[in-house]
There are 2 protein chains.
Amino acid sequence: MKFSRIPTAAIARLSRYTRALEELDAQNIKVVSSEKLAEYCEVNSAQIRKDLAYFGEFGVRGVGYFVRELLFEIRRILGLNKEWNLAIIGMGNLGCALIAHANFARQGYRFVAAFDVDTEKIGRILPGGIAIAPMSTLKKESLEKEVEVAVIATPASKAQDVVNQVVEVPIYGILNFSPAQLHLPEGFLVHHIDFTVKLDRLAYRLSHLTRSGRNPGLNDKPWISKHLL
Amino acid sequence: MKFSRIPTAAIARLSRYTRALEELDAQNIKVVSSEKLAEYCEVNSAQIRKDLAYFGEFGVRGVGYFVRELLFEIRRILGLNKEWNLAIIGMGNLGCALIAHANFARQGYRFVAAFDVDTEKIGRILPGGIAIAPMSTLKKESLEKEVEVAVIATPASKAQDVVNQVVEVPIYGILNFSPAQLHLPEGFLVHHIDFTVKLDRLAYRLSHLTRSGRNPGLNDKPWISKHLL
């Protein structure tokens, strides 16, 4: 199994499969066909089979996938069979929103440290029990708390300065929420969150309907029937 | 040109192409090869050519793409040659962070209204000059301000209640930031933002390195050279 040959898009889809499988598991559904799972994930079923085939054989012909088993296997493949320790940097509105957002804990991501430069914020205890620490202690705290990934939630103007400090300590990846273009050492793992990419998909679908003369007017049903999409 | 046959993934990639083209344009680069653009977008160049071929002929053989022209065309295809009016619902930390986030305005998404149920917040004027309005005025305000998309930033426990109100007014799509499972009328356009999907990609790459015995120890360079990924 050559991990490096697996397309990034397949990895992104595995994430989506886990979200769907978790939902099925929460509904106490034990077995799911690849067709049904595909529908949940908005891909086609051949795609699911192909993505999973990179990693081994899953599912039973004529039966489907055992929900919990497949969830366990995909989480193992993705490296989610362990908790990942996160530090958040920048405790403004965005930082406070992220640390409180249920999705992280649900997926096994644990905030273990929080940093800011604002002396008024330093020392404040956050809902999870973490005290906001000064940026000057980034290295010491990251080592002590075994931080693996830094989540950057600073304003754009401060992000590069923060990144320069993060690459000097043993933190292995960055999730960047700031709207800044970051300069990083070659090969440093970074992912950027751009909220607007999904808005582009909405805009595309809405404007397509408008162009087809199917613009949902104010007197119409406000939503658009699925077969048009 | 049959828009409905175009895969969702191609639309998502078009968004990424625009981000890269904007960056090239900001650097005053006039022409880019599909190979260079592909590198920027982390896809292969055949993919770019295939995605663009859904919409027409772009680029000049042996020369490449004219950056501004291609950017203009893709933005037109995506429906981004107009501004889209957004309302934000839920003015906690997340709502405040989103309304101030530079990416929206940069991509042509304009917040025109903000709603909350908290009487202490109602009437407060936000940095962009918008006053927080009560949820009871959702319909009236949305009509007046021609809201097209609702951005939901409430706690999970309030999100379904908000959605039930949104589908009753002429708003055509939802971007959901709450970690709630929403029940929507068949065909209503909704996209969910899950911050952790990109963390899964980081986790996958980091854990793969660990498994290969290439775990970057505390004494190593903290980042990982690119050829390993």
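So you know, we letter chains A, B, ... as the sequences are listed, proteins then strands, and number each from 1. Source: prediction; values computed, not measured.
- The environment of A:Tyr40 atom OH is dense: over 12 non-hydrogen atoms of other residues, nucleotides or ligands sit within 6.0 angstrom.
- Counted within 6.0 Å of NZ on A:Lys145, heavy atoms from surrounding residues, nucleotides or ligands total more than 12; the atom is thus considered enclosed.
- When all heavy atoms of A:Ile193 and B:Asn103 are compared, the pair lying nearest together is O-ND2, 4.3 Å.
- Residue-environment remark: CD (A:Glu144) exceeds the threshold of 12 foreign heavy atoms within 6.0 Å.
- Of the two parts of A:Leu86, only the side chain, counted from C-beta on, holds a non-hydrogen atom closer than 4.5 Å to a non-hydrogen atom of chain B.
- A side-chain donor-acceptor contact under 3.5 Å links A:Arg106 to the backbone of B:Pro179.
- The candidate with the highest count of non-hydrogen atom pairs below 4.5 Å against chain B, out of A:Gln107, A:Arg201, A:His192, is A:Arg201.
- Residue A:His101 holds its NE2 atom at 11.5 Å from CG of B:Asn93, rounded to the nearest 0.5 Å.
- Looking at A:Arg16, neither its backbone nor its side chain comes within 4.5 Å of chain B, counting heavy atoms on both sides.
- Of the listed residues (B:Glu23, B:Arg19, B:Glu148), the one with the most heavy-atom contacts under 4.5 Å to chain A is B:Arg19.
- Atom OG of A:Ser15 and atom CG of B:Leu199 lie 9.5 Å apart (nearest 0.5 Å).
- Put simply, the side chain of B:Leu98 reaches to within 4.5 Å of the side chain of A:Phe195, judged on heavy atoms.
- More than 12 heavy atoms of other residues, nucleotides or ligands lie within 6.0 Å of CD in B:Gln27, so this atom counts as buried by the packing criterion.
- Contact annotation for A:Val197: both backbone and side-chain heavy atoms come within less than 4.5 Å of a heavy atom of chain B.
- Within the 4.5 angstrom heavy-atom criterion, only side-chain atoms of B:Tyr109, from C-beta onward, approach chain A.
- Looking at heavy atoms from C-beta onward, B:Leu206 lies in side-chain contact with A:Trp84 at the 4.5 angstrom threshold.
- The distance from atom NE2 of B:His191 to atom CZ of A:Arg205, rounded to the nearest 0.5 Å, is 4.5 Å.
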task: Give the C-alpha distance, both sets of side-chain angles, the deciding distance and a yes or no for side-chain contact (heavy atoms from CB on, under 4.5 Å) between B:Asp200 and A:Leu80.
output: CA-CA 7 Å; B:Asp200 287 358; A:Leu80 300 179; 3.4 Å; yes
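- Annotation: A:Lys50, atom NZ; neighbour count of heavy atoms from other residues, nucleotides and ligands within 6.0 Å does not exceed 12.
- Shown here are the salt bridge (Lys or Arg N to Asp or Glu O under 4.0 Å) partners of A:Arg124, two or more places apart in sequence or in another chain: there are none.
- Heavy atoms of other residues, nucleotides or ligands lying less than 6.0 angstrom from NZ of B:Lys139 number 12 at most.
- Residue contact with chain A, scored on non-hydrogen atoms closer than 4.5 Å, involves the backbone of B:Ile174 exclusively.
- Atom NZ of B:Lys158 has 12 or fewer neighbouring heavy atoms from other residues, nucleotides or ligands inside a 6.0 Å radius.
- Here the CG atom belonging to A:Leu175 is positioned 9.5 Å from the OG1 atom belonging to B:Thr196, to the nearest 0.5 angstrom.
- Between B:Tyr204 and A:Phe55, the ring-plane angle classifies as perpendicular under the 30° and 60° cut-offs.
- If you measure heavy-atom distances from B:Ala203 to chain A, the contacts under 4.5 Å come from both the backbone and the side chain.
- Of all heavy-atom pairs between A:Leu202 and B:Gly173, the closest is CD2-CA, 4.3 Å.
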